[in-house]
Amino acid sequence: MGLKGESMSQQVRVRFAPSPTGFLHVGGARTALYNYLFAKKNNGTFIIRVEDTDLERSTEESLKMQLADLKWLGLDWDEGIDPDTLKDFGEHGPYRQSERLEIYNKHAQELISKGKAYYCFLTDKEIDAQREEQKSKGLPLQVNSPYRDQELAQALEKIESGEKPVIRFKTNPEKKTYVVDDLIRNQVNFPSDMVGDFVLMRSNGMPVYNFCCAIDDALMKITHVFRAEEHLNNTLRQMMVYEALGFALPKFGHLSIILGEDKQKLSKRHGATSCHEYKLRGFLPEALLNFIALLGWSHPEGKEIISKKELCETFSEERLNSASAVFDETKLTWVNAMHLRALSDDQLWELIKPLLNNEGISLPEDSDWRKQAFELFKPYMETLTDAIELFRPLSKGEFKILPDSKEALSWESTKSVFQKWIEILNAHPTEALSEDDFMSAQNKVKVDCEVKGKKLFMPIRVAIIGKPHGAELKLLVPLMSKETLIQRAKAALESI
RNA sequence: GUUCCCUUCGUCUAGAGGCCUAGGACAUCGCCCUUUCACGGCGAAGACACGGGUUCGACUCCCGUAGGGAACGCCA
């Protein structure tokens, strides 16, 4: 027990730290996935921490939705917030930054007392003026605070009188180079003068990302941080915080960004970007996981269809790609189709049942019937929602003749085909037609109406499902009742 | 503007100096299967951003250029 963990130099602990503003984005899901896989591969711990220090935008509702999306994807976590009760679990909590204010305050005070941070009373207006001037002179956009060297006593006096300052980090004037040993990008060098005195604590008492992130990662004993590339530049600030507080640095891995088809960062205007939307559109969690895993990572043997279990077993951070990737929905759809067809009839049925119910499509509960229906329809399904239009024709009463039937309806022979088909159906002794029944019926129409090929089977198909293309009729017809077939054939005849 | 990151078929990628006449997958096109459509099978077309080095040899290493992206917030 525990030998494995103890024999490792350090127990792997990774985290995904979403901010609860809206649904879980597919990019976020991929970041979560890689962290999850890294934990699984290394027998580590996967933690969810909530970065809700932006009071304006964070909502409890978003938190709930994001955790639900994570749960739907099957990325279960070992510490963090329970997706149902929204209560903390784990030994390094609280896991919401809004509940860790005391901790950040304590560390901010520590930095102030060490002379590594200071109260700053600069107003937005003053800062804007500085930026304007820097812009015009082509200088780096950095705050130069006159309060940098103000006596602490003086600052406290101001606070006493009601002023609300921010706390800024006091950057070292001595220039040096910070080196990040990035897991994905190798060595990245940052000149220390790339940043000015940045804010640690806002005037409303909330910490700023670069401060609380560093503290939490350190206190939660995070060993590896896989996060989006947009945080690469932030790493310098965080390193400065780590250094000032004497914390040990985790290993960083900066993931490439996911782009839309126009190669711009994937955003709302590209269409669906949240996992929730893909769920609604009938994508399977395993398929979405499979697809996003391949956006920046590759299977060692080049496999494309990969189960979650296999992902856990074969994941390696060494195969993570540093270049950004375009989100191709067409390929996602293919991946989904492959996963979907690998599902058993029962699994698939459980998933599509609510969708069909929702559409008012009622189908026989017979398992043999279901088996035949799936055998017929599975090759046509790419997403779960495809089942709706596939099964709709099998539902009583539902019948519409689609526009692409027009050509078949225009043929001269079609009318007699319909009439003959109705006649045969009326004369049929049982409630349904078997495969053989249908074949002989079709043959009879062929002989009696003297039509063959397209002119024979297209009109018949129209009379059955309302369109000229679709699944094989001899397999489809036995799934329907004679009564329904007659009703539809009559409707088709009338539509000429 | 400053700093940082990225660059192989349309798209996702393989590629750790000779295995590369650059491999796979999606998409596209063609053929086969099929009395339709889909599935499936087979096949075709399609890329190392550019320019310099280093090297006997470069997709691979180095330097530039170009293009794209990110950061520079009391957003994360």
**Fill in**
pair_partner(A14(B)), Watson-Crick or wobble, both distances < 3.5 Å, evaluates to none

**Request:** Would you kindly give the CG-to-P distance between L259(A) and C12(B), to the nearest whole Å?
**Result:** 8 Å

**Request:** By nearest nucleotide on RNA chain B, pick out whichever of R237(A) and H231(A) is the more 5' one.
**Result:** R237(A)

**Request:** Write down the distance between CD (E261(A)) and C1' (A27(B)), rounded to a whole number of angstrom.
**Result:** 11 Å

**Asked** Counting side-chain heavy atoms from CB outward, which of C5(B), U35(B), G1(B) is closest to L141(A)?
**Response** G1(B)

**Request:** Could you check how far CE of M458(A) sits from C1' of U34(B), rounded to whole Å?
**Result:** 13 Å

**Prompt:** Of all the nucleotides listed (G40(B), U3(B), C5(B)), which has the minimum atom distance to the side chain of V188(A)?
**Reply:** C5(B)

**Item:** Between G30(B) and A38(B) - P atom distance, rounded Å
**Value:** 12 Å

**Message:** Among C12(B), A14(B), A70(B), which nucleotide has an atom closest to any side-chain atom of R319(A)?
**Reply:** A14(B)

**Request:** Go through U35(B), A76(B), C4(B) for me and flag the one nearest to the P191(A) side chain.
**Result:** C4(B)

**Message:** For a quick test of reading the model: is some side-chain N or O of R202(A) closer than 4.0 Å to OP1 or OP2 of A76(B)?
**Reply:** yes

**Asked** Is the shortest side-chain N to carboxylate O distance from K331(A) to E304(A) below 4.0 Å?
**Response** yes

**Asked** Relative to the ring of F438(A), is the ring of W421(A) parallel (under 30°), tilted (30 to 60°) or perpendicular (over 60°)?
**Response** perpendicular

**Message:** Tell me whether R148(A) is salt-bridged to D197(A), with the criterion being a basic N under 4.0 Å from an acidic carboxylate O.
**Reply:** yes

**Asked** Which of the following nucleotides, U13(B), A76(B), U36(B), is nearest to the side chain of T53(A)?
**Response** A76(B)

**Asked** Just checking A471(A): base, sugar-phosphate only, or nothing, at a heavy-atom cut-off of under 4.0 Å?
**Response** base

**Prompt:** Under 30°, 30 to 60°, or over 60°: which ring-plane class applies to Y380(A) and F377(A), parallel, tilted or perpendicular?
**Reply:** perpendicular

**Request:** Round to the nearest Å and state the distance from L236(A) atom CG to A70(B) atom P.
**Result:** 20 Å

**Message:** What's the gap between G51(B) and C33(B) when it is taken at their P atoms, as a whole Å value?
**Reply:** 48 Å

**Request:** Please measure how far the P atom in U55(B) lies from the corresponding atom in C20(B), and state the result in whole Å.
**Result:** 26 Å

**Request:** For G196(A), report the nucleic acid contact type (base, sugar-phosphate, nothing); a contact means any heavy atom under 4.0 Å.
**Result:** nothing

**Message:** Between A25(B) and K331(A), counting only base atoms on the nucleotide and side-chain atoms on the residue, is there a donor-acceptor pair under 3.5 Å?
**Reply:** yes

**Prompt:** Between S256(A) and G69(B), does any side-chain N or O lie under 4.0 Å from OP1 or OP2?
**Reply:** no

**Request:** Please state the C1' separation for the pair A22(B) and A14(B) - nearest whole angstrom.
**Result:** 10 Å

**Prompt:** Taking the six-membered ring for Trp, are H299(A) and W297(A) parallel (under 30°), tilted (30 to 60°) or perpendicular (over 60°)?
**Reply:** perpendicular

**Item:** salt_bridge(R49(A), E51(A)) N-O dist < 4.0 Å
**Value:** yes

**Request:** For G17(B) versus C12(B), give the span between their P atoms, rounded off to a whole number of Å.
**Result:** 25 Å

**Prompt:** Does G30(B) have a Watson-Crick or wobble mate here (both distances under 3.5 Å), and if so which one?
**Reply:** C42(B)

**Request:** Record whether the side chain of Y380(A) comes under 3.5 Å of the base of C37(B) through a donor-acceptor pair of N or O atoms.
**Result:** yes

**Message:** Taking donor-acceptor contacts at under 3.5 Å, does the side chain of S203(A) reach the base of C74(B)?
**Reply:** yes

**Request:** Starting at atom CG of D262(A), determine the distance to atom C1' of G69(B), rounded to an integer number of angstrom.
**Result:** 12 Å

**Prompt:** Where the side chain of R185(A) is concerned, which of C4(B), C6(B), A14(B) is the nearest nucleotide?
**Reply:** C6(B)

**Request:** Can you tell me, in whole Å, how much space there is between the C1' of G68(B) and that of C50(B)?
**Result:** 15 Å

**Message:** Closest approach to the side chain of F190(A), judged atom by atom: which nucleotide of C12(B), U35(B), C4(B) is it?
**Reply:** C4(B)

**Side chain of N233(A) (C-beta onward), nearest among C12(B), A70(B), C6(B)** = A70(B)

**Item:** Euclidean distance for P, U3(B) against G64(B) (whole angstrom)
**Value:** 13 Å

**Prompt:** Separation of Y118(A) atom OH from C74(B) atom P, in whole Å?
**Reply:** 11 Å

**Message:** Counting distance alone, no hydrogens or angles: does the base of G69(B) have a donor or acceptor under 3.5 Å from a partner atom on the side chain of E230(A)?
**Reply:** no

**Asked** Side chain of D328(A): nearest nucleotide among A70(B), C26(B), C4(B)?
**Response** C26(B)

**Request:** Respond yes when some side-chain nitrogen or oxygen of T330(A) is under 4.0 Å from OP1 or OP2 of A27(B), and no when none is.
**Result:** no

**Item:** Paired nucleotide for G64(B) [Watson-Crick or G-U wobble; both distances under 3.5 Å]
**Value:** C50(B)

**Asked** Who is the Watson-Crick or G-U wobble partner of C72(B), with both distances under 3.5 Å?
**Response** G1(B)

**Item:** Under-4.0 Å side-chain N/O to phosphate OP1/OP2 contact, R131(A) with G73(B)
**Value:** yes

**Request:** For I292(A), report the nucleic acid contact type (base, sugar-phosphate, nothing); a contact means any heavy atom under 4.0 Å.
**Result:** nothing

**Message:** Using the P atom as the point on both nucleotides, what is the distance between U13(B) and G18(B), in whole Å?
**Reply:** 23 Å

**Request:** Once you apply the 3.5 Å cut-off to both distances, tell me the Watson-Crick or G-U wobble partner of C9(B), or none.
**Result:** none

**Complete:** Judged by nearest nucleotide, the residue sitting upstream toward the 5' end of RNA chain B, E51(A) or N189(A), is N189(A)

**Prompt:** Rounded to whole angstrom units, what separation is found between the CD1 atom of I460(A) and the C1' atom of U35(B)?
**Reply:** 11 Å

**Request:** State whether the side chain of K378(A) and the backbone N or O of L343(A) hold a donor-acceptor pair below 3.5 Å, judged by distance alone.
**Result:** yes

**Item:** Cationic N near anionic O, under 4.0 Å, E301(A) to R319(A)
**Value:** no

**Length of the CE-P vector between M338(A) and A25(B), whole Å** = 11 Å

**Prompt:** Would you call R15(A) and D217(A) a salt bridge, taking side-chain N to carboxylate O under 4.0 Å as the test?
**Reply:** yes

